[in-house]
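Worksheet: one structure, shown below.
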Amino acid sequence: MRGFPALPSRPAGWFRRLLQKPRQSSIHTSSSSHSTASHSLPSSPSSSSSSSAWNSNSSSSTSTAQPDCPAPVDIISSSDARWVKRYDVCICHSEVDLEFVEELVSYLESQPQSLRCFLQLRDSVAGGAVVTELCEAVQNSHCWVMLITPSFLQDPWCRYQMHQALAEAPMAGGRTIPVLKDIDRKDYPKELRNLYYIYTALKENCFRRIRDTVLRYLEELCRSSTSGME
């Protein structure tokens, strides 16, 4: 019986090369896996970068959308517009309310801006005609505070001064500042119905709002004067 031929002790060269050559599928899989990994790794920084860019752009656009606040104005030395008039504010009031008004004047005049107030019993010229003094006080003041109380409504001189102020600045423009004290809303003078008023529920808050209103007007006055000169 013929036996099978003996196998060579070493495989032929072509067979050895076949065993050592990696399979195409494994190469493709490995390459594909590596390629996927190499593309997925940078995606995180890229997305972070784009997120940061979005946040930056978002904050930038938000910042741009906000209105620019006007630069502060030095109303003491920046313009001569304030000093054209003798007083910054004229307080129109009844004599019955003098104590309240004196506190208000003391508060305004103690401010860093050194607001100048006209107080009738203090600043009127002795022997001067009442009508003349009241008219000059209105004409020589930038703003007018109307302290509207029951006594104010009954005082013909107070109403006269109120009408003079409205005639001086019909559209007001922040110059006429009504302040209500101890009266109902229904008693608010019809001549002032188109103007917002300040209520004296809290004295400190009321004084602060009057100050802020006067300063706002003076700042706008000085800013307009300065821009007109440029």
Side-chain angles (χ1 to χ4, degrees), residues 67-95 97-98 100-148 152 157-179 191-192 194-198 200 203-230:
D68 293 334
C69 295
V73 176
D74 182 3
I75 65 173
I76 297 178
S77 59
S78 65
S79 172
D80 292 333
R82 178 188 177 190
W83 309 108
V84 169
K85 295 185 181 293
R86 188 181 307 167
Y87 303 103
D88 296 314
V89 55
C90 172
I91 315 293
C92 306
H93 66 96
S94 167
E95 291 185 17
D97 304 307
L98 182 60
F100 181 92
V101 172
E102 286 180 334
E103 289 185 52
L104 172 60
V105 169
S106 176
Y107 174 83
L108 295 176
E109 292 182 339
S110 67
Q111 298 303 304
Q113 296 82 4
S114 301
L115 295 174
R116 301 163 299 159
C117 300
F118 173 82
L119 184 58
Q120 184 178 345
L121 294 181
R122 181 192 68 183
D123 300 316
S124 293
V125 177
V130 175
V131 174
T132 302
E133 292 296 314
L134 294 180
C135 286
E136 288 186 353
V138 170
Q139 294 172 356
N140 284 305
S141 300
H142 288 293
C143 300
W144 312 290
V145 171
M146 305 287 171
L147 181 60
I148 303 171
F152 181 98
W157 290 116
C158 289
R159 299 191 71 90
Y160 176 81
Q161 200 169 16
M162 177 181 69
H163 289 134
Q164 288 298 312
L166 292 175
E168 186 77 13
M171 300 305 293
R175 300 184 66 184
T176 302
I177 308 170
V179 179
E191 298 93 331
L192 303 175
N194 65 320
L195 302 178
Y196 286 111
Y197 60 83
I198 297 173
T200 58
K203 185 186 297 183
E204 294 79 7
N205 185 49
C206 171
F207 286 3
R208 185 165 54 252
R209 291 187 64 190
I210 293 172
R211 176 204 63 191
D212 292 346
T213 305
V214 173
L215 290 177
R216 187 180 305 116
Y217 174 80
L218 294 177
E219 287 174 359
E220 288 298 328
L221 177 69
C222 294
R223 186 177 291 111
S224 300
S225 175
T226 302
S227 61
M229 295 173 60
E230 294 176 352

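What's counted below: heavy atoms across the whole structure, side chains too, no hydrogens, waters or symmetry copies.
Distance CG/Leu115 to CG/Leu218: 6.5 Å, rounded to 0.5 Å. Of the inter-residue distances, the one linking Ser106 atom OG with Leu119 atom CG reads 11.0 Å to the nearest 0.5 angstrom. The distance from the CG atom of Leu134 to the CD atom of Gln164 is 8.5 Å, given to the nearest 0.5 Å. Atom CG of Asn140 sits about 12.0 Å away from atom CG of Asp88, to the nearest 0.5 Å. Here CD1 of Ile148 is found 9.0 Å from CZ of Arg159. Values are rounded to the nearest 0.5 Å. From His93, atom NE2 reaches atom CG of Leu104 across 10.0 Å, with rounding to the nearest 0.5 Å.
The existence of a salt bridge linking Glu219 and Arg216 is excluded, since no basic side-chain nitrogen approaches an acidic carboxylate oxygen closer than 4.0 Å. Arg122 and Glu102 are not joined by a salt bridge, as no carboxylate oxygen comes within less than 4.0 angstrom of a charged side-chain nitrogen.
Judged purely by atom type and a 3.5 angstrom limit, His142 uses its side chain to pair as donor or acceptor with the backbone of Arg82. Checking side-chain atoms of Glu133 against main-chain N and O of Val125 turns up a donor-acceptor pair under 3.5 Å. Remark: the backbone N or O of Arg86 is paired with a side-chain donor or acceptor of Arg116 at under 3.5 angstrom. Checking side-chain atoms of Trp144 against main-chain N and O of Cys92 turns up no donor-acceptor pair under 3.5 Å. Side chain of Ser141 to backbone of Val138: no donor-acceptor contact under 3.5 angstrom is found.
Minimum heavy-atom separation, Tyr217 to Cys143: CD2-SG, 3.6 Å. The nearest pair of heavy atoms linking Asp123 to Cys117 is OD2-O, 3.3 Å. Between Phe152 and Met146, the closest heavy-atom pair is CZ-SD, 4.3 Å.
No side-chain heavy atom of Tyr197 sits under 4.5 Å from any side-chain heavy atom of Leu192. Contact check for Phe100 versus Thr200: side-chain heavy atoms found under the 4.5 Å cut-off. Val105 has its side chain out of reach of Val89: every pair of non-hydrogen atoms, C-beta onward, lies at least 4.5 Å apart. Contact check for Leu108 versus Phe207: no side-chain heavy atoms found under the 4.5 Å cut-off.
The local environment of CD in Glu95 is sparse, with at most 12 non-hydrogen atoms from other residues, nucleotides or ligands closer than 6.0 Å.
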Tyr107/Glu204 under side-chain contact (heavy atoms from CB on, under 4.5 Å): CA gap, chis, key distance, verdict: CA-CA 10 Å; Tyr107 174 83; Glu204 294 79 7; over 6 Å; no
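Residue pairs meeting the ring pair (Phe, Tyr, Trp, His ring centres under 6.0 Å) criterion with at least one partner in residues 118-138, sequence neighbours excluded, are Tyr87-Phe118.
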